[in-house]
Every structure is written in structure tokens, then in C-alpha cells.
Amino acid sequence: MSSFRNGNKPDELLRLLGDGRRTALILNAQDWKAPEDRATDLAQEGERLESIGLQPEEADLRQYFGRPDESRRALVGYDLVWVRGGSVFVLRSAFR
């Protein structure tokens, strides 16, 4: 867990993951932003995660609104779920 970007011990995160690197990148706390700003945040966060050796893919919870069982199944295949900060109220709504 990090409160700012990748944190100061990314090697510890990689150690915990073992060989797994496939990362669900959740940016739904940024859903209130304009689409182009959200896309910029997605690209920057993805680059940061790639820089430490992870393989991020956006897992957009908006695809699963009203279908919680499907969202759970979609996230099971990942080695890591990385949730980007923003509005906790928007994020909570997306997870619900």
C-alpha cells in the first residue's frame, strides 16, 4: 500500500508478488474528470507501474455497474489490484 505513487519500496511489492506481474489498474476514483484528463492520468499511472516491472491493464468498473459478481470474476485473474486515488465517494460507488 502506498499513499503516494509507487511508494518508496517497490522492490518489496515485487517480492510479495513473486512471479506475478499482471496488474488491474482501477482509476474509477477519477471518473468525475473530463475524459481526456482521466486518460492522461491512466497513461501516467500505467507508465509508473511499468517502470517498476508491473504489467498494468485498466480494469474499468463502469463496465460492471449493477453486476458485482461479474466484477469479482474479472478481478480474480490479476496478481495485483492497484487502485488509484481521487474521490473516495466516486470510487465507493463504482465498487458497489
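One is the number of the first residue; the rest follow in order along the sequence.
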Same cluster (ILVMFWY, side-chain, under 4.5 Å), L25 and V90: no
With sequence neighbours left out, what residues match [X] under side-chain contact (heavy atoms from CB on, under 4.5 Å)?
{"X": "I26", "answer": "N28, A59, L61, L75, V81, V83, L91, F95"}
{"X": "A43", "answer": "none"}
{"X": "E70", "answer": "Y64, R67, R73"}

From D60 CG over to L42 CG, what is the distance, rounded to the nearest 0.5 angstrom? 9.0 Å
Atom CG in L17, atom CZ in R22: separation rounded to 0.5 Å? 13.5 Å
List the atom pairs, donor and acceptor, that lie under 3.5 Å between side-chain atoms in residues 45-54 and the rest of the protein, sequence neighbours left out.
from: E45; atom 1: OE1; to: R48; atom 2: NH2; distance (Å): 2.9
from: E45; atom 1: OE1; to: R84; atom 2: NE; distance (Å): 3.3
from: E45; atom 1: OE2; to: W82; atom 2: NE1; distance (Å): 2.9
from: S51; atom 1: OG; to: R48; atom 2: O; distance (Å): 2.6

List for me each residue that meets side-chain hydrogen bond (donor to acceptor under 3.5 Å, both in side chains) alongside [X], sequence neighbours excluded, and say none if there are none.
{"X": "E58", "result": "R38"}
{"X": "R21", "result": "none"}
{"X": "Q30", "result": "K33"}
{"X": "Q44", "result": "none"}

Tell me, which pairs form a salt bridge (charged side-chain N to carboxylate O under 4.0 Å, His left out) where one or both residues lie in residues 85-96, sequence neighbours left out? none
Other hydrophobic cluster members with F65, side-chain heavy atoms of Ile/Leu/Val/Met/Phe/Trp/Tyr under 4.5 Å, chained? none
Besides L16, the hydrophobic cluster formed by Ile, Leu, Val, Met, Phe, Trp and Tyr side chains linked at under 4.5 Å, directly or via other members, contains none
Which atom names give the shortest non-hydrogen contact between Y78 and A24, and what distance separates them? CD2-N, 3.2 Å
Is there a donor-acceptor pair under 3.5 Å between the side chain of S71 and the backbone N or O of P68? yes
How would you list all residue pairs meeting side-chain hydrogen bond (donor to acceptor under 3.5 Å, both in side chains) that involve residues 10-19, not counting sequence neighbours? E12-R15
